[in-house]
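Taking it in order: structure first as structure tokens, then the write-up.
Any value given below was found using the heavy atoms of this structure, including those in side chains, with hydrogens, waters and symmetry copies removed. Protein chains get the first letters and strands the later ones, always in sequence-line order, with residue 1 at the start of each.
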Amino acid sequence: MVYCIVGIYTERNDSMLKAVRETWKTLIEEQLALYAKSVLEVDIALPPLAVQTPPKPELGDLAFPLFAYAKTLRTAPPLLAQELKNRIEALSDRPRGELLVAGPYLNVRIDMSDIATALQQKIAQDGQHYGTNSSMEGKRVTIEFSCPNTNKPLHLGHMRNDSLGESVAALLKANGATVRKVNLINNRGVHICKSMLAYQKFGNGETPQSSNIKGDHLVGKYYVKFAQWAKEDPSAEEQAQQMLVKWEQGDAETIALWKLMNGWTLDGLAESYTRMGISFDAYYYESETYKFGKDEILKGLEDGVFYREEDGSVWVDLEAIKLDKKVLLRKDGTSLYMTQDVGTAIMRHKDWPFDSLIYVVASEQQYHFRVLFHVLDLLGYRWAKDLHHLSYGMVNLPEGKMKSREGTVVDADELVETLTELARNEIREKEREELVDDVDKTSHSIALGALNYYLLQVTPTKDMIFNPAESISFNGNTGPYLQYMGARISSMLRKFESDHQHLHETAFDSSLLSLSDERELIKQLALYPEVVEKAGAEYDPSLLCSYLYDLSKLFSRWYHDNQVLKAATPELVRARIELSKMVLQVLVNAFGLIGVPFLASM
RNA sequence: GCGCCAAUAGCUCAGUUGGAUAGAGCAACUGCCUUCUAAGCAGUAGGUCAGAGGUUCGAGACCUCUUUGGCGUACCA
């Protein structure tokens, strides 16, 4: 066995920490087996060795708990740890590093200099690609998110959805997958007709241009107006239903109004998306897909997969997945949400065959997706098993649930605007207007960073409370804090470039990075590719968020306590500059995966 | 009623998939700006991990029950 860490690393294109961990694990397992044989005088299968991280840096970098072997080997864990340490230290060929007995644990202090050298080369070479890996190489993944209605603007609930969708898509790409981001526009149905009807009644020909109101907000205004009107006029709901019938019949006037108002909303949404850094590779429209699933359901009916009730409605029996039963076609033959989603899924697979399709949809629709996936399975689509519902929790306010009726829904555009304004004030107060490239652009980037980080920080599956006051605070574990670290490093590197040219040729000597904080930073940097891989595999950007916060906190402490540009020797300046460069590169790369804009100055 | 999910510091969240003294941020209090951006750093205080049993050498994590809360169980989307 060759214990050349760099060699193992480059050959396997794997995280170098992982390589070191595996090396030690294998070695200790070998010694465990030998010891077991010497004690028991027979070969015995031992449980695999667990690898952990010690709770404190003083305890080393790797931890191997030995509790599990105590009984079989009739040896107390601390004694076993000592025995293994002695045996390994007696070996002539063993990896560099130090063994520590810490009670029932056998710990290892890695030789960080090797890792730092390799890491510096790797990051300098890979640049913005450092952290990408091939764990999903060749996989084609469609991811659906956002899916707004065309009767109102985006709100806070959409923002968690959008942040997650964008971030997971980016993570999958970083893991080597080919990703197709799709949006499904919900532009049909009674609710759409409501805003149209109210506009017809009260609009007086108002347009986004004439009123200077963003299209989606203008349509939303009439959706609200409908609700008010419906309170006074009990026939309002009925009229909306009638309008839907006219729409389905293709009534020219209705369609014209629908197209007009839909256009307004979509223009408004497009503007919001651009402003929030959200984009899609393809758009689907329910007005085009809703009829599509119908044929599929009827085909399933012919094949005996579904059944027809006496009133003419079509049902699926869900006993196989321990649910009751579900209607798939109304008695009048019209489509439902489910019908339409069946059609949309099939359409998507035809358009772009995928290995996996992820639906980013709130947890309240878990039942819907269980049924949908089962129905597609019943219809014989083998790819039904490749569908995944990325179910995220609700976004609540400190006062409780957002309710449109009570007007407590947080509007997305408004929120971004408020945050941008606050960031701008902050820049003014700190008198940094002259030092920042573009105040408006910078404020906006800070707002986005604050928002995306706040939303992605929480484990996706869990409900979360969005505290507007807290989200606009730039202290503590926030997006702006991370951005600030990036700006600080950038600023220092600019100084290095302009004022320290005499040091540019000084060689990088990783052994000079011997402080505890420096070791921890190097370890954290080396860990990055594994975090990207795990966050992608688990569709969980929050893992990356907490990683980034740890890294930033570590860096700011080190940076506060130790001078870089004014370090004692030219070699030390060089070493610390390289460490800072590595941190900066990882920040830049990771920011790109969680929608936090990088700022060279702020 | 049934199903799914959650409960960790005053508040918002982590907790390496069963291991070492349960960690951050906010809020509170205390230090640190003639020194690479104080949007920062360091420190103090704050815990019956909802409760009760069980499994295990070991449980915040796994099992059972209880309590509380959320969501779902539409010929709505």
Rounded distance in Å between the C1' positions of B:U16 and B:A61: 12 Å
N or O in side chain of A:Lys401 less than 4.0 angstrom from B:C71 OP1/OP2: yes
Return no unless some side-chain N or O of A:Lys495 is found under 4.0 Å from OP1 or OP2 of B:U37. yes
Counting N and O atoms only, with roles assigned by atom type, does the side chain of A:Arg494 sit under 3.5 Å from a partner on the main chain of A:Ala600, one being a donor and the other an acceptor? yes
P-based separation of B:G15 from B:U55 [nearest Å]: 29 Å
Check: A:Asp550 side chain, B:A14 base, donor-acceptor under 3.5 Å: no
For A:Tyr481 and A:Ser556, test the side chains for any donor-to-acceptor distance below 3.5 angstrom and give the result as yes or no. yes
Where the side chain of A:Ile427 is defined as all heavy atoms beyond and including C-beta, which of B:A39, B:C4, B:A42 is the nearest nucleotide? B:A39
Whole angstroms only, please: what is the CG-P distance between A:Leu544 and B:C13? 20 Å
Check whether any side-chain N or O of A:Ser552 sits under 3.5 Å from a backbone N or O of A:Tyr549 as a donor-acceptor pair, and report yes or no. no
For this output row, return yes or no: ring centroids of A:His388 and A:Phe373 closer than 6.0 angstrom. no
Quickly work out the A:Met464 CE to B:A6 C1' distance and round it to whole Å. 15 Å
Any stacking of A:Phe67 on B:C57, going by centres under 5.5 angstrom and planes within less than 30 degrees? no
When all nucleic acid strands are considered with a 4.0 Å heavy-atom cut-off, which category describes A:Glu364: base, sugar-phosphate, or nothing? sugar-phosphate
Any base atoms under 4.0 Å from A:Lys331, or only sugar-phosphate, or nothing? Heavy atoms, all strands. base
Of the nucleotides B:U37, B:U12, B:C76, which one has an atom closest to the side chain of A:Tyr454? B:U12
Does some side-chain heavy atom of A:Leu156 sit less than 4.5 Å from a side-chain heavy atom of A:Val409? no
Taking B:C4, B:G25, B:A77 as options, the one with an atom nearest any side-chain atom of A:Asn477 is B:G25
Residue A:Ile446, side-chain heavy atoms: nucleotide from B:A39, B:C13, B:C57 that is nearest: B:A39
Just checking A:Val458: base, sugar-phosphate only, or nothing, at a heavy-atom cut-off of under 4.0 Å? sugar-phosphate
Just how far, in rounded Å, is P of B:A14 from CG of A:Asp540? 9 Å
Mapping A:Gln340 and A:Ala487 to their closest nucleotides on RNA chain B, which lands nearer the 5' end? A:Ala487
Within the pair A:Lys430 and B:U37, is there a side-chain N or O less than 4.0 Å away from OP1 or OP2? no
If you look at every strand shown and take non-hydrogen atoms under 4.0 Å, does A:Gln365 touch a base, only sugar-phosphate, or nothing? base
When both distances are under 3.5 Å in a Watson-Crick or G-U wobble arrangement, the nucleotide paired with B:C11 is B:G25
What is the nucleic acid contact for A:Glu538, judged by heavy atoms within less than 4.0 Å: base, sugar-phosphate only, or nothing? base
Counting side-chain heavy atoms from CB outward, which of B:A77, B:G25, B:A74 is closest to A:Asn149? B:A77
Pairing partner of B:G46, by Watson-Crick or G-U wobble and under 3.5 Å for both distances, is none
Side-chain donor/acceptor of A:Thr569 to backbone N/O of A:Leu572, under 3.5 Å: yes
Sugar-phosphate only, base, or nothing, as touched by A:Pro104 at under 4.0 Å among non-hydrogen atoms: nothing
Can you tell me if A:Ser556 touches the phosphate of B:C41, counting only side-chain N or O atoms and a distance under 4.0 Å to OP1 or OP2? yes
Check every strand shown and say whether A:Asn562 touches a base, only sugar-phosphate, or nothing at a heavy-atom separation below 4.0 Å. base
What is the distance from CZ of A:Arg557 to P of B:G25, rounded to the nearest Å? 11 Å
Base-pairing assignment for B:A39 (Watson-Crick or G-U wobble, both under 3.5 Å): none
Short side-chain N/O contact from A:Asn475 to OP1 or OP2 of B:G25, under 4.0 Å: no
Taking only side-chain nitrogens and oxygens of A:Arg488, does any of them come within less than 4.0 Å of OP1 or OP2 of B:A38? yes
Nearest-neighbour nucleotide for the A:Tyr484 side chain, B:U73, B:A39, B:A74 considered: B:A39
For the backbone of A:Ile427 and the side chain of A:Glu433, can you confirm whether one donor and one acceptor N or O come within less than 3.5 Å of each other? no
Considering only the P atoms, how many Å lie between B:C76 and B:C62, rounded to the nearest integer? 39 Å
Heavy-atom donor-acceptor pair, A:Gln483 side chain to A:Ser445 backbone, under 3.5 Å: yes
For A:Arg330 and B:C76, is the shortest distance between a side-chain N/O and OP1 or OP2 below 4.0 Å? yes
Ignoring backbone atoms, establish whether A:Lys462 has a side-chain N or O less than 4.0 Å from OP1 or OP2 of B:A7. yes
By the 4.0 Å heavy-atom rule, please label A:Ala63 as base, sugar-phosphate, or nothing. base
Ignoring backbone atoms, establish whether A:Ser491 has a side-chain N or O less than 4.0 Å from OP1 or OP2 of B:U37. yes
Conformer about C1'-N of B:C32 - syn within 90° of 0, anti elsewhere: anti
Under 4.0 angstrom, heavy atoms only, what part of the nucleic acid is A:Tyr367 near: base, sugar-phosphate, or nothing? sugar-phosphate
Using the side-chain heavy atoms of A:Glu470, tell me which of these nucleotides is nearest: B:A24, B:U12, B:A20. B:U12
Heavy atoms only, 4.0 Å cut-off, all strands: where does A:Pro65 land among base, sugar-phosphate and nothing? nothing
Please work out if A:Tyr559 contacts a base, only the sugar-phosphate, or nothing of the nucleic acid, heavy-atom cut-off 4.0 Å. base
Categorize A:Asn186 for me: base, sugar-phosphate, or nothing, with a 4.0 angstrom heavy-atom threshold over every strand shown. sugar-phosphate
Rounded P spacing from B:G72 to B:U17 in Å: 34 Å
Would you indicate which nucleotide in B:C13, B:G40, B:A24 comes nearest to any side-chain atom of A:His560? B:G40
A:Ile465 has an atom CD1; how far is it from atom P of B:A7, in whole Å? 13 Å
Would you indicate what A:Asp341 reaches in the nucleic acid, counting non-hydrogen atoms under 4.0 angstrom: base, sugar-phosphate, or nothing? nothing
Rounded to whole angstrom, note down the C1' distance from B:G51 over to B:G58. 22 Å
Using the ring of A:Tyr392 (Phe, Tyr or Trp, six-membered ring only), decide whether A:Arg160 places NZ or CZ under 6.0 Å from its centre and within 45 degrees of its axis. no
Touch class at under 4.0 angstrom, heavy-atom based, for A:Leu565 against every strand present: base
Assess the side chains of A:Glu518 and A:Trp558: does a donor N or O sit below 3.5 Å from an acceptor N or O? yes
Answer yes or no: does a side-chain N or O of A:Tyr481 lie under 4.0 Å from OP1 or OP2 of B:C26? no
Suppose you measure atom P in B:C49 against the same atom in B:A7; what distance do you get, rounded to whole Å? 14 Å
Quick one: on RNA chain B, does A:Met485 or A:Ser473 contact a more 5' nucleotide (nearest heavy atom)? A:Ser473
Looking only at the side chain of A:Thr459 (C-beta and beyond, no hydrogens), which of the listed nucleotides B:U17, B:U12, B:G15 gets closest? B:G15
Where does B:U8 land, syn or anti, given syn is within 90° of 0? anti
